[in-house]
Visitor: 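Here it is, the structure in full.
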Number of protein chains: 2
Amino acid sequence: MIDDTRQRLIDAAGAIFSEKGYEAASVRDICQQASANIAAVNYHFGDKKSLYVAAVRHAQSCADSENPEVVWPAEMPPAERLREFIRTMLERKLDTSKPHWHLGIMLREMAHPTEACAAVVEDYVRPMANGLREILRDLLGQDYPEDQGNLIGFSIVGQVLFYYIHQPIIRLLIGNEAYDKLTVQTLADQITNFSLAGMGLGPAPGHAAAAVPVQSEATS
Amino acid sequence: MIDDTRQRLIDAAGAIFSEKGYEAASVRDICQQASANIAAVNYHFGDKKSLYVAAVRHAQSCADSENPEVVWPAEMPPAERLREFIRTMLERKLDTSKPHWHLGIMLREMAHPTEACAAVVEDYVRPMANGLREILRDLLGQDYPEDQGNLIGFSIVGQVLFYYIHQPIIRLLIGNEAYDKLTVQTLADQITNFSLAGMGLGPAPGHAAAAVPVQSEATS
DNA sequence: ATCTAATTCAAACAAACGTTTGATTCGGGT
DNA sequence: ACCCGAATCAAACGTTTGTTTGAATTAGAT
């Protein structure tokens, strides 16, 4: 019970910082939401910035649920591995429970790249790209040109990240009610079937979907 | 020359808003960088928020300096209209001559949407989406489900915007020399062929396709 | 030259910000 | 009971914010 207000401050700070950003979030609002005095943040953390880094660290330590690599069954056909790859990536990116500032930090790094960008690429993006490259090699064959394979990988990942980054625009474009009807499985199937056909491989095997166009599946 | 300070204010505001965010950017800094008086923002735009909205709108609208929508020859087949659509969008987005903060301020709007997002959608995104929808309707037929058409549009636009947004990651992933060999025409053909095949309307991009850089653009 | 409207300027406005202060309350050790 | 440090509180601190004001300046038309 001693450090109760300290923890409440971290929780409230994470919520408000992620919602309004660092500058827009005020210490008064955080303390009010934490049912703490205004001077509590200065007593427990020193200043506003120290509270922010404490909240970021806490959120990061709590968000270790994402596993860096996913292992597929060896006998799974490559088309289904691609579907799982896309579905898993969508699931992680569109997970509404994870803190919202992940997107903000990443987009800021895209606009103003720092050395952190290279670290993220080597730690996270490169392994994921290699995993996708393996799937594409099994799909397209060993002799497929590497440059073409890269472009196809970009086309696939670009489709996924579009729903992650441009969510506000999509909501405004098709309406909130239409957006909320979209499910991860729907998008994963759309992107997978579209991409498989884009590679000239037709819809995924085992599905009774029509041959050429992506027909409407069962809409939830 | 009359509205010179107004334009200087928009440019300075875009740069500072993109770098520091809306709340952290002060109108004093903006006016100082624009060599304008502090009251200029209030005189020309009313308040800080209106200046921000003007900067965001400018970031999207100055790409198409002439017309929000491009008119195609009526006899042009829909597949080639799609190719031109993709090539034009790529050309506008990857134009290296346009200011650096256009991407930054847009990505910040994606992370923390404000009323400027809705303004951009109505002024710029919605007409472009309607233009793409017309092309897709000609490609897929009148009776194609609207929801499915939206998803296909998202898949196409997502591929284009990937190269716009994630340029730092692509450079780190495939190397600068490989990235600099990419041309707008190469990417446009890749995305167009991939997407046409994804809709079941054309051959998949093959190995021997004309993937060689055709022309070198002016690089700064 | 004179008038008029548009534009720029320095100065000050009230409000909100992060931070600090000093008194007050609470709990366990002596 | 006494004391001491931890913790919380209301109030005020000085600074910076966005915004407003009214005079000064400019440019064009009469």
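Letters A, B, ... are given to chains in the order of the sequence lines, protein chains preceding strands, and every chain is numbered from 1.
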Visitor: Work out how much the helix from C:dA1-D:dT30 to C:dG28-D:dC3 bends between its end axes, five pairs an end, to the nearest 10 degrees.
Guide: 10°
Visitor: Using the ring of A:Tyr22 (Phe, Tyr or Trp, six-membered ring only), decide whether A:Lys48 places NZ or CZ under 6.0 Å from its centre and within 45 degrees of its axis.
Guide: yes
Visitor: What is the distance, rounded to the nearest whole Å, between atom CG of A:Asp4 and atom C1' of D:dA6?
Guide: 15 Å
Visitor: Rounded to whole angstrom units, what separation is found between the CD1 atom of A:Ile16 and the C1' atom of C:dC17?
Guide: 15 Å
Visitor: Check whether any side-chain nitrogen or oxygen of B:Thr5 sits under 4.0 Å from OP1 or OP2 of C:dT8, and answer yes or no.
Guide: yes
Visitor: Would you check, one step at a time, whether the test salt bridge (charged side-chain N to carboxylate O under 4.0 Å, His left out) holds for A:Lys181 with B:Asp147?
Guide: CA-CA 11 Å; A:Lys181 284 180 183 168; B:Asp147 295 347; over 6 Å; no
Visitor: With a 6.0 Å cut-off on the ring centroids, do A:Phe17 and A:Tyr52 count as close?
Guide: yes
Visitor: Evaluate side-chain contact (heavy atoms from CB on, under 4.5 Å) for A:Met106 paired with A:His102, printing each intermediate quantity in order.
Guide: CA-CA 6 Å; A:Met106 168 189 162; A:His102 278 176; over 6 Å; no
Visitor: If you assign each of A:Ala24 and A:Asn42 to its closest nucleotide in DNA chain C, which residue comes earlier from the 5' end?
Guide: A:Ala24
Visitor: For B:Ala25, answer base if it contacts any base atom (sugar-phosphate contacts may also be present), sugar-phosphate if it contacts only those atoms, and nothing otherwise; contact means non-hydrogen atoms under 4.0 Å.
Guide: sugar-phosphate
Visitor: Which listed nucleotide (C:dC17, D:dG18, D:dT8) is nearest to the side chain of A:Asn37?
Guide: D:dT8
Visitor: Roughly, in whole Å, what's the span from CG in B:Leu51 to C1' in D:dT17?
Guide: 15 Å
Visitor: Calculate the interatomic distance between B:Asp29 atom CG and D:dT17 atom P; express it in whole Å.
Guide: 7 Å
Visitor: Testing the 3.5 Å rule here: is there a donor-acceptor pair between the side chains of B:Thr183 and B:Thr186?
Guide: yes
Visitor: Starting the side chain at C-beta, find the nucleotide from C:dC17, D:dT21, D:dG18 nearest to B:Ala39.
Guide: D:dT21
Visitor: Tell me the interatomic distance from A:Asp47, atom CG, to D:dG14, atom P, rounded to whole angstroms.
Guide: 20 Å
Visitor: What is the distance, rounded to the nearest whole Å, between atom CD of A:Gln32 and atom P of C:dC17?
Guide: 11 Å
Visitor: By nearest atom, which of the nucleotides D:dA10, C:dC9, C:dT19 is closest to the A:Ile38 side chain?
Guide: C:dT19
Visitor: Let's see if you can work this out: which of C:dA6, D:dT8, C:dT19 has an atom nearest to the side-chain heavy atoms of B:Tyr43?
Guide: C:dA6
Visitor: Write down the distance between CZ (A:Arg28) and P (D:dA12), rounded to a whole number of angstrom.
Guide: 13 Å
Visitor: What distance separates B:Arg28 CZ from B:Ile38 CD1, expressed to the nearest 0.5 Å?
Guide: 5.0 Å
Visitor: Could you tell me whether B:Arg171 and B:Asp180 make a salt bridge, using a distance below 4.0 angstrom between a side-chain N and a carboxylate O?
Guide: yes
Visitor: If you check every side-chain atom of B:Lys48, which of D:dT19, C:dT19, D:dC9 has the closest atom?
Guide: D:dT19
Visitor: Return no unless some side-chain N or O of B:His44 is found under 4.0 Å from OP1 or OP2 of C:dT8.
Guide: yes
Visitor: Measure the distance from CG on A:Leu9 to P on D:dA7 and round it to the nearest whole Å.
Guide: 13 Å
